[in-house]
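Some notes on the structure that comes next.
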2 protein chains.
Amino acid sequence: MSRIDRILASAEQHCREQGARMTPRRRQVMNLLLAQAGPQSAYQLLDQFKDRYQSNAQPPTIYRALDFLVQQGLAHRLSSTNQYLACDHITCRHGHKGTVFLLCDECGGVQETPLAGAAVSELEQTLDTLGFEIQQEPLLEVHGRCANCAL
Amino acid sequence: MSRIDRILASAEQHCREQGARMTPRRRQVMNLLLAQAGPQSAYQLLDQFKDRYQSNAQPPTIYRALDFLVQQGLAHRLSSTNQYLACDHITCRHGHKGTVFLLCDECGGVQETPLAGAAVSELEQTLDTLGFEIQQEPLLEVHGRCANCAL
DNA sequence: GAAGGTTATGTTATAACATAACAGATAAGG
DNA sequence: CCTTATCTGTTATGTTATAACATAACCTTC
């Protein structure tokens, strides 16, 4: 069983537990996300989807599947680059309170790390003080140059 | 001297110090940003720009000015909503290391607060450990419901 | 103050990203 | 089954952003 199959199985179980349906289309898109190391745009995914699964597929097919996957926490949307990637922490089940993405502007790579402890509690306190009710897990997208490209 | 004029003057001084040119076009766009409480899309700004300054203006005019203002730290781009707003902290000169935006999905309003102490140092440590060189001030865009709309 | 580099703007066109709307199919619960 | 929800297909269009090239303004330095 490949790495991808393992993650897919884990994702399906997650959906079952949530009463959400991991349909073939959604699994196909998830599979495409998992097949790539880096983040991809919706239209890149669409091209691959057409190559691989359905040659006349249209944008809504991809966007719907992506919306679903993001909602389920199986994928992330990077709004600063309009890209999508599989969540790096699907198999480990820690519910994180926030995620930091280090986006290398040179090679396009991403490193994903959970938002650390004090940052989370500070944020929660700010929200509390201001009476702001959070509705989505916050994502911090940090742009720069990764260690490899800085050499 | 109005609030806007004071901020514009402050912005101009900032540019002089940086050796950057605050041209008429850029000042006009800055003025439009300052005239609104909330964040605005580039095309909303374009419409206002056409109304007010140049009826045949094209998108690049706005985008170039916005890019400049963002680079100078005079404005922010909210990538999760594709909107722009004037920086709330132009007149006070604390160089912040990051900014948190609380975006109300109901009323569209924004609250801007500096990223707090421990969060910053944790982030810096993460970057240090991974050898990642940051290139832009990080913005955290948190979606939810503001105190007012939660009533 | 003219020459030549650099930066900013004007202008046309188009690329890239995303969703509305409605019809038809498929799944899940009674 | 039959109904209701949800999901998918399809067409069309809306929204956001930039490429590319021409022109203008600005800024040195000779």
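What you see is a predicted model; the values in this text were computed from it and never measured. Convention: sequence-line order gives letters A, B, ...; per-chain numbering from 1.
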A/Q72 CD to D/dT6 C1': how many Å, rounded?
14 Å
Side-chain donor or acceptor of A/S55 paired with backbone N/O of A/D51 under 3.5 Å:
no
Partner set under side-chain contact (heavy atoms from CB on, under 4.5 Å) for B/L139, not counting sequence neighbours
B/H76, B/T99, B/F101, B/E137
Taking syn as a glycosidic torsion within 90° of 0 and anything else as anti, which one is D/dA5?
syn
Partner set under side-chain contact (heavy atoms from CB on, under 4.5 Å) for B/I4, not counting sequence neighbours:
B/S2, B/L8, B/N31, B/L34, B/A35
Identify each atom pair where a protein N or O and an N or O of nucleotides 24-30 of chain C are less than 3.5 Å apart, giving names and distance.
{"unit_1": "C/dA27", "atom_1": "O4'", "unit_2": "A/R21", "atom_2": "NH2", "d": "3.4"}

Set of residues satisfying salt bridge (charged side-chain N to carboxylate O under 4.0 Å, His left out) with respect to A/R27, sequence neighbours excluded:
A/E12
Over how many whole Å does the gap from B/N82 atom CG to D/dG14 atom P extend?
18 Å
Just to be sure I understand the geometry, which residues of residues 44-58 of chain B put a non-hydrogen atom under 4.0 Å away from DNA chain D?
none
Distance col, row A/E133:CD vs B/D105:CG, nearest 0.5 angstrom, shows 11.5 Å
Can you check whether A/T23 has a side-chain N or O nearer than 4.0 Å to OP1 or OP2 of D/dT6?
no
List in chain and number order the residues that pass side-chain hydrogen bond (donor to acceptor under 3.5 Å, both in side chains) with B/Q48, two or more places apart in sequence or in another chain; answer none if no residue qualifies.
B/Q40
To the nearest 0.5 Å, how far apart are CG in A/D47 and CD1 in A/I62?
9.0 Å
Measure the spacing between CZ of A/R26 and CZ of A/R64 and express it to the nearest 0.5 Å.
10.0 Å
Return the set of residues passing side-chain contact (heavy atoms from CB on, under 4.5 Å) with B/S79 (not counting sequence neighbours), or none when no residue passes.
A/S79, A/S80, B/R77, B/E141
Has the side chain of B/H14 got a donor or acceptor atom that lies under 3.5 Å from a matching backbone atom of B/Q72?
yes
Return the CG to CG distance between A/L33 and A/L74, rounded to the nearest 0.5 Å.
10.0 Å
A/E112 meets the salt bridge (charged side-chain N to carboxylate O under 4.0 Å, His left out) criterion, sequence neighbours left out, with none
Can you pull out the residues from residues 25-40 of chain B that lie within a 4.0 Å heavy-atom distance of DNA chain C?
B/R25, B/R26
Quick check: does any side chain N or O of A/T129 sit under 3.5 Å from a backbone N or O of A/Q125, one acting as donor and the other as acceptor?
yes
Look at the side chain of B/E122 and the backbone N and O of A/A118, then say whether any donor-acceptor pair between them is shorter than 3.5 Å.
yes
Mind listing the N/O atom pairs, protein and nucleotides 18-24 of chain D, below 3.5 Å?
{"unit_1": "D/dA20", "atom_1": "N6", "unit_2": "B/R64", "atom_2": "NH2", "d": "3.1"}

Restricting to side-chain contact (heavy atoms from CB on, under 4.5 Å), what partner residues turn up for A/Q28, sequence neighbours left out?
A/R25, A/F49, A/Y53
Counting neighbours of CD on A/Q135 that are heavy atoms of other residues, nucleotides or ligands and sit closer than 6.0 Å, is the number greater than 12?
yes
As a check of understanding: the bend across the helix from C/dG1-D/dC30 to C/dA25-D/dT6, end axes from five pairs, rounded to 10 degrees, works out to 30°
For the pair made of CD in A/Q71 and C1' in D/dC7, what is the distance, rounded to whole Å?
14 Å
Closest-nucleotide mapping onto DNA chain C: is A/T81 or B/F68 further toward the 5' terminus? I mean the 5' end.
B/F68
